[in-house]
Amino acid sequence: MGDMSTRPRISARISAIAESATLAVDAKAKAMKAAGRPVIGFGAGEPDFPTPGYIVEAAVEAAKTPKFHKYTPAGGLPELKQAVADKTLRDSGVQVSADQVLITNGGKQAVYQAFATLLDPGDEVLVVAPYWTTYPEAIKLAGGVQVDVVTDESTGYLASVEQLEAARTERTKVLLFVSPSNPTGAVYSREQVEAIGRWAGEHGLWVVTDEIYEHLVYGGAEFTSIVHYLPADHWVILNGVAKTYAMTGWRVGWLIGPKDVVKAATNLQSHATSNVSNVAQMAALAAVRGDLSAVDEMKTAFDRRRKTMVRMLNEIPGVLCPEPEGAFYVYPSVKELLGKEIRGKRPQTSAELAELVLEEAEVAVVPGEAFGTPGYFRLSYALGDDDLVEGVSRLAKLLSEAR
Ligand SMILES: Cc1ncc(COP(=O)(O)O)c(C=O)c1O
């Protein structure tokens with residue numbers, strides 16, 4: 001016993017992982033709901049639409065087909081890999097072969113495996129803050145060192161080449177590029193993408209580009225893949241079906257890159273999870289081979305909700321909300337409200353304010369602490385129009401009491 005009892009129960013590597021703050025907020029909101037409280041949740045990052053019928057049908061067919069009851073290649077079904085390669089030419093404008101594609105268990109596994117494959121201990125990764133909560137953990141697990149490039153509402157949360165250059169050292173290996181962004185909804189213009197891409201190429205950096213929100217851009221904004229401006233063998237694209245086809249629960253994503261990187265990441269996956277569920281892969285095949293009419297319909301609704309939300313939030317004294325051009329999130333500053341009195345409490349941080357909002361207004365938002373920039377809230381507008389208006393009205397009523 002003696003020796004064993006002095007050893008930590010949980011490894012240092014895994015103890016260091018923080019709980020996903022977005023899932024934690026969602027869980028708390030769901031628990032309050034289950035207890036009968038009328039909570040409105042702006043926490044979750046998923047479309048409120050069901051998966052289109054033709055995709056579900058493809059899964060039903062696959063479930064009835066015995067060959068899909070068996071193991072298949074760890075890297076994914078060959079026809080899905082080819083369809084992803086074709087789709088990547090259509091949407092990102094880059095020619096890749098099927099053996100440059102690895103099908104993963106959601107975009108999240110692609111994120112994890114990309115960093116695990118590229119990073120050695122001490123390698124630095126430039127990450128624009130605010131950033132999505134999963135990136136720091138994936139980088140840390142790989143032994144990488146995250147270097148934040150902090151942006152704020154004054155630039156619409158966009159980083160400049162000058163800022164990136166100031167953060168670069170001789171240990172910088174990777175730039176993580178995410179446009180449209182979670183949590184801010186920021187979208188870089190073609191010129192900005194080109195400037196950042198050329199800068200990364202000049203300095204021999206790898207670029208890991210998360211393109212999962214590529215089809216969710218509004219107004220005059222357009223999605224530009226940074227790979228256009230990069231040397232052929234120094235980038236990895238992360239993507240998946242979750243957001244474009246309302247398929248968050250199906251768990252299909254992918255990683256695309258040079259053949260050696262994809263081979264190495266496939267080796268890792270072959271020991272961790274083997275192939276993604278064949279039924280889900282066949283559903284993803286129907287999605288990726290099909291057209292974009294489903295996402296176009298969702299986009300119309302998201303765009304309407306985006307405008308309503310930005311307008312209503314900016315009407316609240318002390319809330320400053322830049323208009324996002326992509327994804328389905330807004331990221332208002334609540335810094336002016338901190339330290340003020342609301343219902344007998346004086347929240348000093350956005351985390352405390354979010355706590356108060358959940359208790360008093362029964363509205364769930366994710367505080368900026370989760371994304372590396374305290375002083376902000378992230379609200380998803382992927383929920384029904386009526387709930388959205390009711391939720392922001394409750395938020396407005398409560399925050400207007402700040403003195
Ligand atoms: C920026 C970004 N990348 C990747 C993902 C991963 O999505 P999934 O694992 O559901 O495919 C998400 C999901 O929230 C995301 O916001």
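Start at 1 and go down the list; that is how both ligands and their atoms are numbered.
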Next on the checklist: Counting non-hydrogen protein atoms only, what is the nearest one to atom 7 (O) of ligand 1? Give residue, atom name and distance.
Outcome noted: Ile212 CD1, 3.6 Å

Checklist entry - Which of the atoms of ligand 1 are close to Gly106, meaning less than 4.0 Å from one of its heavy atoms? => result 9 (O), 11 (O)

Checklist outcome for this item: In this structure, atom 9 (O) of ligand 1 is nearest to the protein heavy atom Arg251 NH2, 2.7 Å

Checklist outcome for this item: Numbered in order shown, the ligand 1 atoms found under 4.0 Å of a heavy atom of Asn182 are 1 (C), 15 (C), 16 (O)

Next on the checklist: Parallel, tilted or perpendicular, judged at 30° and 60°: which one describes the rings of Tyr157 and Tyr331?
Outcome noted: perpendicular

Checklist entry - Does Thr155 use its side chain to pair, donor to acceptor, with the backbone of Thr151 at less than 3.5 Å? => result no

Next on the checklist: Can a donor-acceptor pair be found, under 3.5 Å and without considering hydrogens, that links the side chain of Gln163 to the backbone of Ser160?
Outcome noted: yes

Next on the checklist: Judged on heavy-atom distance to atom 13 (C) of ligand 1, which of Lys108, Lys243, Glu211 sits nearest?
Outcome noted: Lys243

Item to check | Closest candidate by heavy atom, reference atom 5 (C) of ligand 1, pool Trp250, Tyr135, Trp132 | outcome: Trp132

Next on the checklist: Run Gln269 and Thr266 through side chain to side chain donor-acceptor pair (under 3.5 Å) and show every step you take.
Outcome noted: CA-CA 5 Å; Gln269 177 164 304; Thr266 306; over 6 Å; no

Checklist entry - Can any side-chain N or O of Arg378 pair as donor or acceptor with the backbone N or O of Val366 at less than 3.5 Å? => result no

Next on the checklist: Among all protein heavy atoms in this structure, tell me which lies nearest to atom 11 (O) of ligand 1, with the distance rounded to 0.1 Å.
Outcome noted: Gly107 N, 2.6 Å

Item to check | For atom 2 (C) of ligand 1, closest protein heavy-atom neighbour | outcome: Asp210 OD2, 3.4 Å

Item to check | Numbered atoms and elements of ligand 1 in range of Ala242, under 4.0 angstrom, heavy atoms | outcome: 10 (O), 11 (O)

Item to check | Sub-4.0 Å heavy-atom approach of Gly240 to ligand 1 | outcome: no

Checklist entry - Is there a donor-acceptor contact under 3.5 Å from the side chain of Thr172 to the main chain of Thr169? => result yes

Checklist entry - Just wondering, are more than 12 heavy atoms of other shown residues or ligands nearer than 6.0 Å to CD in Glu336? => result no

